[in-house]
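Within every chain, numbering begins at 1; the chains are lettered A, B, ... in the order of the sequence lines, protein sequences first and strands thereafter.
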2 protein chains.
Amino acid sequence: MGVTKSNLFTKEVNQIAQLCKAMGHPARIAIIQELLIQKSCICNDLVIALPLSQPTISQHLKALKDTGIIQGEIEGASMCYCIAPKALIAIQTYFNQLVNQLNAIDTSCC
Amino acid sequence: MGVTKSNLFTKEVNQIAQLCKAMGHPARIAIIQELLIQKSCICNDLVIALPLSQPTISQHLKALKDTGIIQGEIEGASMCYCIAPKALIAIQTYFNQLVNQLNAIDTSCC
DNA sequence: TTAATTTATCGTAATATTGCAATATAATTA
DNA sequence: TAATTATATTGCAATATTACGATAAATTAA
């Protein structure tokens, strides 16, 4: 079928899955790294920095924006993108909780 | 084209992207949650617990196993799956570092 | 041995993703 | 105004993912 059956899972499970999915591409990880390094987060800087075409970068930026991981603001003829911490903190919190729970249980069953 | 150009990015970027991608599906998040809750991690328990067919679960388990997030051991006619902490700790570490760096910079440019 | 149970794999259909050329849109500069 | 610059969108081809029925393989139970 090819379509994820999101309706069969809880909101929380879907939310974390969606965030992980958005981070699940090297170009998008690289974009986040660039946004961390550069203080100026002009779209064109990313197009120059990354080895992909402008439309492809634009598409990845949209994917990150749609999940709330980054936000953009018009800056004259350019776009200024930056990280919106909330979403990344949500992922951080999820994995911190996961690893804490892991430490509490016996994982040596296999 | 439909094929991710992994060769254009660093090993580290590809590794974290791959791990995030593996966690980027609600069924796979749900599997991890079940493996945390249940001490017994018999495959069939997952098939019963999750609202997807047995072949689909098996496919998702393979995806998690291929990225090192879980491991499996033959238990008679069954398979015992459990979480392999190393990979999840790698994700945790990545997002902790990310959020730490975020706290250190001024993200108010947008 | 036969039947039942458990899991993996194959095959396939439907859909999603990736990437880019071409083009549209909007702001800036000459 | 015309040319340039910056970004988004469209359209499309190639590939990947998701889901499941059918089936294979291997163990266990009757």
Side-chain angles (χ1 to χ4, degrees), chain A residues 1-9 13-14 17-18 20-31 34-35 38 40-67 70-82 110, chain B residues 1-9 13-14 17-18 20-31 34-35 38 40-67 70-82 110:
Chain A
M1 324 220 153
V3 62
T4 297
K5 296 192 163 179
S6 310
N7 59 308
L8 300 178
F9 300 95
V13 164
N14 278 305
Q18 209 171 359
C20 288
K21 189 177 178 181
M23 295 295 283
H25 191 287
R28 295 194 288 267
I29 294 283
I31 286 171
E34 276 296 313
L35 292 183
Q38 295 187 32
S40 67
C41 30
I42 300 298
C43 174
N44 198 239
D45 294 349
L46 297 168
V47 172
I48 291 163
L50 298 178
L52 291 170
S53 74
Q54 179 268 319
T56 302
I57 304 288
S58 189
Q59 201 170 255
H60 286 302
L61 286 168
K62 183 167 158 43
L64 289 169
K65 199 175 157 196
D66 286 348
T67 48
I70 64 170
Q71 60 189 126
E73 204 178 51
I74 299 168
E75 184 106 352
S78 304
M79 275 295 283
C80 177
Y81 281 106
C82 66
C110 297
Chain B
M1 320 215 157
V3 62
T4 297
K5 296 193 163 179
S6 310
N7 58 307
L8 301 178
F9 300 95
V13 164
N14 278 304
Q18 208 170 3
C20 288
K21 189 177 178 183
M23 294 296 282
H25 190 288
R28 294 194 290 267
I29 294 284
I31 287 172
E34 277 295 314
L35 291 183
Q38 295 186 33
S40 66
C41 31
I42 300 298
C43 174
N44 198 239
D45 293 348
L46 297 168
V47 172
I48 290 163
L50 298 178
L52 291 170
S53 73
Q54 179 269 318
T56 302
I57 304 288
S58 189
Q59 203 170 254
H60 286 302
L61 287 169
K62 183 168 159 42
L64 289 169
K65 199 175 157 196
D66 286 349
T67 48
I70 65 171
Q71 59 189 128
E73 205 179 50
I74 298 168
E75 183 105 353
S78 304
M79 276 295 283
C80 177
Y81 282 106
C82 65
C110 297

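- Per the geometry, CG belonging to B:L64 stands 11 Å off P belonging to D:dT18, to the nearest Å.
- Sequence order on DNA chain C of the closest nucleotides to A:T4 and A:A27 puts A:T4 first from the 5' end.
- Within the 4.0 angstrom heavy-atom criterion, no nucleotide atom of any strand lies near A:I74.
- At least one side-chain nitrogen or oxygen of B:K21 sits closer than 4.0 Å to the OP1 or OP2 atom of D:dT17.
- Atom-to-atom, CD1 of B:I29 to P of D:dT18 comes out at 12 Å; the value is rounded to the nearest Å.
- With sequence neighbours excluded, no residue forms a side-chain contact (heavy atoms from CB on, under 4.5 Å) with A:Q59.
- The side chain of B:H60 contributes no N or O atom lying less than 4.0 Å from OP1 or OP2 of D:dT17.
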Open item on the list: What verdict does the side chain to side chain contact (heavy atoms under 4.5 Å, CB included) test give for A:I74 and A:M79, after you've listed the backbone C-alpha separation in whole Å, the side-chain angles of each residue and the deciding distance to 0.1 Å?
Closed with: CA-CA 5 Å; A:I74 299 168; A:M79 275 295 283; 3.7 Å; yes
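- The stretch residues 49-61 of chain A participates, sequence neighbours left out, in no salt bridge (Lys or Arg N to Asp or Glu O under 4.0 Å) pair at all.
- For A:T67, the side-chain contact (heavy atoms from CB on, under 4.5 Å) test picks out A:Q18, A:L19, A:A22, A:I69, with sequence neighbours left out.
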Output one line per pair: protein atom, nucleotide atom from nucleotides 5-12 of chain D, and distance, for all N/O pairs under 3.5 Å.
from: D:dA6; atom 1: O3'; to: A:S78; atom 2: OG; distance (Å): 3.4
from: D:dT7; atom 1: OP1; to: A:C43; atom 2: N; distance (Å): 3.4
from: D:dT7; atom 1: OP1; to: A:N44; atom 2: N; distance (Å): 3.3
from: D:dT7; atom 1: OP1; to: A:M79; atom 2: N; distance (Å): 3.1
from: D:dT7; atom 1: OP2; to: A:N44; atom 2: N; distance (Å): 2.7
from: D:dT7; atom 1: OP2; to: A:N44; atom 2: ND2; distance (Å): 3.4
from: D:dA8; atom 1: OP1; to: A:Y81; atom 2: OH; distance (Å): 2.4
from: D:dA8; atom 1: OP2; to: A:S58; atom 2: OG; distance (Å): 3.0
from: D:dA8; atom 1: N7; to: A:Q54; atom 2: NE2; distance (Å): 2.7
from: D:dA8; atom 1: N6; to: A:Q54; atom 2: OE1; distance (Å): 3.0

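- With sequence neighbours excluded, no residue forms a side chain to side chain donor-acceptor pair (under 3.5 Å) with A:N44.
- Using a 4.0 Å heavy-atom distance criterion, A:I57 is classed as making no nucleic acid contact.
- Separating the CG atom of B:D66 from the P atom of D:dT18 is a distance of 13 Å, rounded to the nearest angstrom.
- Judged as a salt bridge (Lys or Arg N to Asp or Glu O under 4.0 Å), and not counting sequence neighbours, B:K65 has no contacts.
- Pairs of residues two or more places apart, or lying in two chains, that qualify as salt bridge (Lys or Arg N to Asp or Glu O under 4.0 Å) and include a residue from residues 52-62 of chain B are B:K62-B:D66.
- Every residue was checked against the side chain to side chain donor-acceptor pair (under 3.5 Å) condition with A:S78, not counting sequence neighbours, and none meets it.
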Expected rows: protein N/O vs nucleotides 1-4 of chain C N/O, under 3.5 Å:
none

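- By the 30° and 60° cut-offs, the orientation of the rings of A:H60 relative to A:H25 is tilted.
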